[in-house]
Protein chains: 2
Amino acid sequence: MSLLKAFDINHLKVSCTKCNLRELCFPHGMAEDDMSNLESVVDQPKPIHKNEYLYRDGDEAKALYAVRSGCVKTMAESSNGEEQIVGFHMPGELFGLDGFAEGVHTCNAVALETSSVCELPLNKLEMLCHELPGLQKQMRRIMGKEVSSDHRLLLLLGKMTSEERLASFLLSFSRRMQERHWKEDEFNLMMPRQDIANYLGMAVETVSRLFASFQNDGLIKVDRRHITILDMNQLKVMVGECENS
Amino acid sequence: MSLLKAFDINHLKVSCTKCNLRELCFPHGMAEDDMSNLESVVDQPKPIHKNEYLYRDGDEAKALYAVRSGCVKTMAESSNGEEQIVGFHMPGELFGLDGFAEGVHTCNAVALETSSVCELPLNKLEMLCHELPGLQKQMRRIMGKEVSSDHRLLLLLGKMTSEERLASFLLSFSRRMQERHWKEDEFNLMMPRQDIANYLGMAVETVSRLFASFQNDGLIKVDRRHITILDMNQLKVMVGECENS
DNA sequence: GATAATAATTGACATAAGTCATGTCTTTTT
DNA sequence: AAAAAGACATGACTTATGTCAATTATTATC
């Protein structure tokens, strides 16, 4: 590859219209025209390394982010320094909406592995919203989705046993794999047990024991972070999504 | 009062500009002009009785709501019928944003006592947003606020002991009283113990015991639903908001 | 390629908080 | 005014999970 070509890469515009994540990401359901306009404000995907912070609690909110590859976790921080993971964001998923209230982020965003994220600068996004009614609607949908997903997590933390929580986590993960046209019953978790435990509001040891117990009961096969779901139906029964025994 | 006057009341327009909740509610921080425009789309406050549903999970999302008087709780419902209260909404506070994702509500809204709510129809709000850039920004702020408040609750459910949860609940309540220029150290809770327990993810008995224990420790005085805060500072220490013993 | 550091598992034990049961005090109904 | 229903409190007991500690992988470092 010539030096010139290597240089060119940095000047390539993002193409939402050609991105294979467009059906999952911001553009989902948007008109072709609006999508083209959108890509003109999206900054070149930014690579971030494992454990690197994209933003921190208190930072000025400059953009909305979309995961292009890898995985990013967002976590809320309490006054006494404790952290609660509020989301794991997979390719095509958006995050950073917490900064919309006061223009300042209220949580931390950290890469779980080397990842790349598209940045949608808020000022440009705002301007574009004035011109494109479709984009405005899209924004509302995205925020609504965030609220709904937070509610689901509240229900999980407030009302479920740890067994139900882990089952629910695995099912949600599987569903998102499926959305991405990856295997829904065999995947690698990109987060350590510690993070799963934190997210589900329990101790690491409990996560370990539950993985072992699920495996024992023939629901899943666990090999480190590689999970194979053997009895999807039974998992659904556990979280009340499915009536049959 | 003449019959004519009684009739007229039903045709009075809402006045956001004159509402004494405007600094807490949707108009907060908006230009005078935008506010006048806003009030033209707000429907006449609707009275709802205690335990009456304003909307249910699955209902079409027709409006955004603002509490005018009383108190409304919103609760997420799981597939197996369990409910998690995700918010208690006091005068000046907004709710109903959960319906923005797919145009369908994903939780239930129920009045805790006889209440009155302003309705902001989504279609009118949408149209108005095209004309008023300020309104658009306001919408984003409101949604951001909702996300932040959900995160705070996630932190509470995921990481706090029940003692910390109740302390946190009382402090948040007190703060909201203060915002409304009511007594911050003496107030009536408008929800039964059962609802507090549900919201904080614990059993009613635990709430009762904690109220008793807080009273014993001289932190608060409890008389049924009437609470007097005696040692605000110590409550803050409990949730890590304050360093001094 | 050995050594250290990190991540995950497993067992023994402790405990915070739940469940069950009973009783009191309000509030509503008749 | 009595009775019934609902809300709240309190004690006894249970249990789901957390905590602590030791062990075994895995991955990173020199």
Side-chain angles (χ1 to χ4, degrees), chain A residues 49-52 71 73 82-85 110 112-114 156-170 188-217 220-228 238-239, chain B residues 49-51 71 73 82-85 110 112-114 156-170 188-217 219-228 238-239:
Chain A
H49 298 289
K50 187 171 174 173
N51 295 326
E52 201 181 316
C71 188
K73 65 177 170 185
E82 278 180 314
E83 288 182 327
Q84 169 68 38
I85 296 174
V110 184
L112 278 169
E113 55 190 40
T114 303
L156 180 143
L157 290 176
K159 295 285 161 300
M160 295 186 181
T161 65
S162 34
E163 196 175 84
E164 290 167 332
R165 291 180 205 194
L166 190 63
S168 175
F169 173 76
L170 289 170
N188 281 300
L189 300 170
M190 46 286 261
M191 69 292 285
R193 298 283 192 271
Q194 191 58 255
D195 281 357
I196 299 176
N198 180 301
Y199 180 66
L200 300 178
M202 53 210 227
V204 215
E205 292 92 331
T206 308
V207 175
S208 259
R209 278 188 257 268
L210 284 171
F211 269 127
S213 131
F214 279 16
Q215 177 160 249
N216 241 308
D217 298 348
I220 59 174
K221 197 175 157 296
V222 186
D223 176 19
R224 199 87 178 151
R225 295 192 188 176
H226 186 91
I227 306 291
T228 313
M238 284 175 74
V239 301
Chain B
H49 297 289
K50 188 171 171 173
N51 295 326
C71 188
K73 66 176 171 185
E82 278 179 314
E83 288 182 326
Q84 169 68 38
I85 296 175
V110 184
L112 278 169
E113 54 189 42
T114 303
L156 181 144
L157 290 176
K159 295 284 162 299
M160 296 185 181
T161 64
S162 34
E163 197 176 80
E164 292 167 330
R165 290 180 206 194
L166 190 63
S168 174
F169 173 76
L170 289 170
N188 280 300
L189 300 170
M190 47 284 262
M191 67 293 284
R193 299 282 191 271
Q194 192 57 253
D195 281 356
I196 299 176
N198 180 299
Y199 180 65
L200 299 178
M202 54 209 225
V204 214
E205 292 92 331
T206 308
V207 175
S208 261
R209 278 187 258 267
L210 283 172
F211 269 126
S213 131
F214 279 16
Q215 177 160 251
N216 240 307
D217 298 349
L219 298 173
I220 59 174
K221 196 175 158 298
V222 186
D223 175 20
R224 202 94 175 142
R225 294 193 190 177
H226 186 89
I227 306 291
T228 312
M238 285 175 73
V239 302

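By convention in this document, chain letters (A, B, ...) are assigned in the order of the sequence lines, proteins followed by strands, and residues within each chain are numbered from 1. Predicted model, so just to flag it, every value in this text is computed and none were measured.
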Of all heavy-atom pairs linking A:Glu164 and A:Lys159, the shortest is OE1-O, 4.2 Å
Under a 4.0 Å heavy-atom cut-off, which of residues 197-208 of chain B touch DNA chain D? B:Glu205, B:Ser208
Evaluate A:Leu189 against A:Phe169 for side chain to side chain contact (heavy atoms under 4.5 Å, CB included), listing each step before the verdict. CA-CA 11 Å; A:Leu189 300 170; A:Phe169 173 76; 4.2 Å; yes
Does a distance-only test, which skips hydrogens and angles, find a donor-acceptor pair under 3.5 Å between the side chain of B:Arg193 and the base of D:dG6? no
Give a yes or no on whether the backbone of A:Asn198 and the side-chain of A:Gln84 come within a donor-acceptor separation of less than 3.5 Å. yes
Categorize B:Arg165 for me: base, sugar-phosphate, or nothing, with a 4.0 angstrom heavy-atom threshold over every strand shown. nothing
On DNA chain D, compare the nucleotides closest to A:Asp223 and A:Thr161; which residue's is nearer the 5' end? A:Thr161
Rounding to a whole Å, what distance do you find between A:Glu82:CD and D:dG18:C1'? 14 Å
Could you tell me whether the side chain of A:Arg193 and the main chain of A:Arg224 form a donor-acceptor pair under 3.5 Å? yes
To check you understand the geometry: which heavy-atom pair defines the closest contact between B:Pro192 and B:Leu112, and what is its length? CD-CD2, 4.3 Å
Closest contact, heavy atoms only, B:Ala167 versus B:Val239: CB-CG1, 3.8 Å
Give the nucleotide from the list C:dA17, D:dT17, C:dT9 with an atom nearest to the side chain of A:Ser162. D:dT17
Whole-Å distance, A:Leu166 CG to D:dA16 P, equals 17 Å
State whether the side chain of B:Arg225 and the backbone N or O of B:Asn188 hold a donor-acceptor pair below 3.5 Å, judged by distance alone. no
Rounded off to whole Å, could you give me the CE-to-P distance for the B:Met190 and D:dA7 pair? 17 Å
Which whole-number value in Å describes the distance from A:Ile196 CD1 to C:dT9 C1'? 14 Å
Round to a whole Å and report the spacing from CZ of B:Arg224 to C1' of C:dT24. 10 Å
Provide, to the nearest angstrom, the distance between the NE2 atom belonging to A:His226 and the C1' atom belonging to D:dT26. 17 Å
To the nearest Å, give me how far apart CZ (B:Arg225) and C1' (C:dC25) are. 14 Å
Calculate the interatomic distance between A:Glu113 atom CD and C:dA7 atom P; express it in whole Å. 15 Å
Answer with yes or no whether B:Arg209 presents, from its side chain, a donor or acceptor under 3.5 Å of a partner atom in the base of C:dT19. yes
